[in-house]
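Labels below follow one simple rule: chain letters A, B, ... track the order of the sequence lines, proteins then strands, and each chain is numbered from 1.
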Amino acid sequence: MLDRKYVVANADAVKENCQNRNVPQAVDQLLELESQRRDLLKQVEELNRDANAVSKTIGQAKTDEEREERKARGRELREQKEVAQKQHDEVDAQIREIELQLPNMAHPDAPVGVDDKANLELGQGKHAPREFDFSPLDHVEIGQQWDWLDFEGGARTSGAGFYFLKGDLVLLDLAIQQYAVNELVRRGFLPMTTPDLARDSILEGIGFMPRGPETQVYSVENSNLCLIGTAEITLGGLYSGETFDAEQLPLKLCGISHCFRTEAGAAGRASRGLYRVHQFTKIEMFIFCLPDQSDALHEELRQIECDLFDAIEVPYRIVDTATGDLGGPAYRKYDLEAWMPGRGEAGEWGEVTSTSNCTDYQARRLNVRYKQKDVKGTHFVHTLNGTAFALSRALISILENHQNADGSVNVPEVLRPYLQGREKLGGP
RNA sequence: GGAGAUGUGGCUGAGUGGUCGAAAGCGCCGGUUUGCUAAAUCGGUGAUGGAGUCAAAUCCAUCCGCAGGUUCGAAUCCUGUCGUCUCCGCCA
């Protein structure tokens, strides 16, 4: 959510931003309603003030008659106040509806364009896509070869889009998690496991729609809980309503959670194997910080993601997401797309991480503030998030990039300590 | 799942219908005193929205988990909700 005063004072910039992001807006209507609201608020306050003044004199009334007279006057004023208050609240609710539709402002350097075609490649990782001297398999084929993946079993027990990992692939999965968490702890992140369910209100604060036809998440019947689509939801919600001391920031968190996605409307899209599934494990980075720290921290998150994928020796490219493809809360977003040799005709890039600077957009909705010593008042923090590893896609990138002609898979060196030193999985 | 208790400012904690945004203590900030530190002592010390000002001062409204209700008036009474605690049951 944007600051209301900011929207009023910068209506043209907000409108332009919406246009760049390809989001419909009702800023003019908001301006009109807000001016109405201000008038109503003044009325309410005035009536309240008068009523309070009358109430205070009632205790001092000398006669019953006088007392009753004043009570009647007070009642009358309160009734008038109630009427004005109700009108105010209605207008306020309408404004809020509009506000909730407004996306965050975009970073001035973010590429402008209505969809992902305008995304800008910023560079590539240390490792170039490999030249294979054999015909590479995709991860589903590799997995089937060694009985590492069971999609049929997943479908039988839970439905299409679910899967079992088996055997060495589980060990690889755990190795990646351990490597990532250790690496993040080394870089000052506090590791956390989080709930896999969260309240609707937290989802809304982060910028998800908890229910309804457009929703990307599963909701639990007869409750106000949803299965989380990412630990961003729980880590971001963790301090909702809280006020940090400025010295506590930046607070860097590393969440380990399961992620659940309905992938409604995604049927038919490139989604073979582990690429688009209903459940996966993710190691997520999340930061609460001061406003003047967020730009640099965003670069830091991007660098960590690059370092992690360089470390597992997977080729990738960095994408600066175009305004039209940003999603509501993001001020700027970088994606890492890993090379997936088994995808498409002769390999394709596939998104494996994403890091967003959400500035104060989520903080305002969730009411997360900070206070500086000796400075009056509080301000909203900035929040950032970034994927360390989404395990399903990280597994794809490792299996497909590190496969050998005999079907075995080389273990990236950094992961070997977590696999009893094994250099390869599968194979004769 | 059943029964009960409870939720006040950074913290502890008083307040059970009328100048209560809220006593007191602690903490914190500033002053005084003391050779330094400690101690003592005095003063100050919440948030949000609005008016006001160059900026302040100042003024108004709202806030005692949250949302409603009763009342001229609610931290105080009522209802719901969320959280916490205790006991019982169940259980990894």
Side-chain angles (χ1 to χ4, degrees), chain A residues 1-9 30-31 33-96 98-99 193-206 210-211 219-226 233-234 237-249 251 258 288 291 360 363-381:
Chain A
M1 193 160 65
L2 296 172
D3 177 35
R4 193 176 289 184
K5 276 187 277 187
Y6 176 87
V7 176
V8 170
L30 183 149
L31 296 179
L33 289 168
E34 175 62 4
S35 115
Q36 282 179 32
R37 189 189 72 85
R38 293 292 299 271
D39 290 345
L40 286 165
L41 184 63
K42 275 193 189 127
Q43 282 181 39
V44 169
E45 289 189 350
E46 201 173 308
L47 288 164
N48 229 337
R49 182 167 61 242
D50 293 348
N52 286 343
V54 170
S55 289
K56 278 179 190 172
T57 67
I58 289 174
Q60 295 144 23
K62 298 211 168 41
T63 64
D64 281 354
E65 195 185 333
E66 195 177 29
R67 181 190 308 273
E68 287 310 314
E69 198 179 296
R70 289 179 188 178
K71 280 169 77 165
R73 176 65 185 146
R75 193 176 304 132
E76 191 185 324
L77 285 166
R78 296 286 176 191
E79 277 164 11
Q80 287 176 27
K81 181 237 154 187
E82 276 314 307
V83 171
Q85 181 79 56
K86 212 174 157 196
Q87 287 174 10
H88 169 274
D89 291 350
E90 273 168 24
V91 172
D92 192 55
Q94 287 175 42
I95 295 170
R96 205 175 154 77
I98 298 172
E99 281 178 328
T193 59
T194 91
D196 286 337
L197 290 87
R199 295 180 195 286
D200 292 356
S201 58
I202 299 293
L203 282 273
E204 278 163 8
I206 292 290
R211 281 155 211 265
S219 52
V220 178
E221 203 176 1
N222 299 324
S223 83
N224 56 358
L225 293 170
C226 294
I233 291 167
T234 39
L238 178 59
Y239 292 105
S240 62
E242 300 286 306
T243 303
F244 288 103
D245 290 328
E247 308 91 80
Q248 294 175 268
L249 303 174
L251 180 62
H258 293 122
F288 294 95
D360 60 2
R364 184 170 288 109
R365 290 190 183 202
L366 291 167
N367 194 23
V368 187
R369 300 161 174 273
Y370 70 91
K371 178 166 177 37
Q372 275 169 307
K373 227 172 159 54
D374 301 325
V375 177
K376 216 172 159 58
T378 56
H379 296 95
F380 292 111
V381 301

Taking the side chain as C-beta and beyond, is there a heavy-atom pair between A:Glu76 and A:Gln80 under 4.5 Å?
-> yes
So with a 6.0 Å cut-off around CD of A:Gln248, is the heavy-atom count from everything else above 12?
-> yes
Residues, nucleotides or ligands: over 12 heavy atoms within 6.0 Å of A:Glu65 CD = no
Could you measure between the two [atom1] atoms, the one in [N] and the one in [M], and give it in whole Å?
N	M	atom1	result
B:rU53	B:rC72	P	39 Å
B:rG25	B:rG83	C1'	27 Å
B:rU79	B:rA24	P	33 Å
B:rC77	B:rC85	P	24 Å
B:rC78	B:rU71	P	16 Å
B:rG89	B:rC82	P	26 Å
B:rA22	B:rU32	C1'	30 Å
B:rG35	B:rC20	P	43 Å

Suppose we define a pair by two distances each less than 3.5 Å, Watson-Crick or G-U wobble; what does [N] pair with here?
N	answer
B:rG43	B:rC29
B:rU76	none
B:rU71	none
B:rU37	none
B:rC87	B:rG2
B:rA55	none
B:rA92	none
B:rA61	B:rU48

At 4.0 Å (heavy atoms only), tell me whether [X] reaches a base, stays on the sugar-phosphate, or touches nothing.
X	value
A:Gly241	nothing
A:Arg70	nothing
A:Arg199	sugar-phosphate
A:Arg38	sugar-phosphate
A:Lys5	sugar-phosphate

In Å and rounded to the nearest 0.5 Å, what is the [atom1] to [atom2] distance from [X] to [Y]?
X	Y	atom1	atom2	value
A:Asp200	A:Ile202	CG	CD1	10.0 Å
A:Thr234	A:Leu203	OG1	CG	10.0 Å
A:His88	A:Asp39	NE2	CG	10.5 Å
A:Asp360	A:Tyr370	CG	OH	9.5 Å
A:Ile233	A:Leu197	CD1	CG	10.5 Å

Write down the distance between [atom1] ([X]) and [atom2] ([N]), rounded to a whole number of angstrom.
X	N	atom1	atom2	value
A:Arg4	B:rG50	CZ	P	10 Å
A:Lys56	B:rU19	NZ	C1'	5 Å
A:Asn224	B:rU81	CG	C1'	10 Å
A:Asp245	B:rG27	CG	C1'	13 Å
A:Glu79	B:rU71	CD	C1'	12 Å
A:Lys371	B:rC28	NZ	C1'	11 Å
A:Asp92	B:rG50	CG	C1'	14 Å
A:Arg364	B:rA47	CZ	P	18 Å

As a test of reading the structure: which of [options] is closest to the side chain of [X], going by heavy atoms?
X	options	answer
A:Ile58	B:rA61, B:rU48, B:rC72	B:rC72
A:Leu41	B:rU62, B:rG49, B:rG73	B:rG49
A:Thr378	B:rG73, B:rG49, B:rU48	B:rU48
A:Lys71	B:rC72, B:rA61, B:rG49	B:rC72

Starting at the 5' end of RNA chain B and moving along, which residue's nearest nucleotide shows up first, A:Arg49 or A:Arg75?
-> A:Arg49
By nearest nucleotide on RNA chain B, pick out whichever of A:Val54 and A:Val44 is the more 5' one.
-> A:Val44
Between N or O atoms, less than 3.5 Å apart, protein on one side and nucleotides 67-69 of chain B on the other: list the pairs.
none

Presence of A:Asn52 side-chain N/O under 4.0 Å of B:rG73 phosphate oxygens OP1/OP2 | no
Does A:Thr243 put a side-chain nitrogen or oxygen below 4.0 Å from OP1 or OP2 of B:rA47?
-> no
Determine, for A:Arg4 against A:Glu99, whether the closest basic-nitrogen to carboxylate-oxygen distance falls under 4.0 angstrom.
-> yes
Using the side-chain hydrogen bond (donor to acceptor under 3.5 Å, both in side chains) rule, collect all pairs that involve residues 40-50 of chain A, keeping only residues at least two apart or in two chains.
-> A:Asn48-A:Arg78
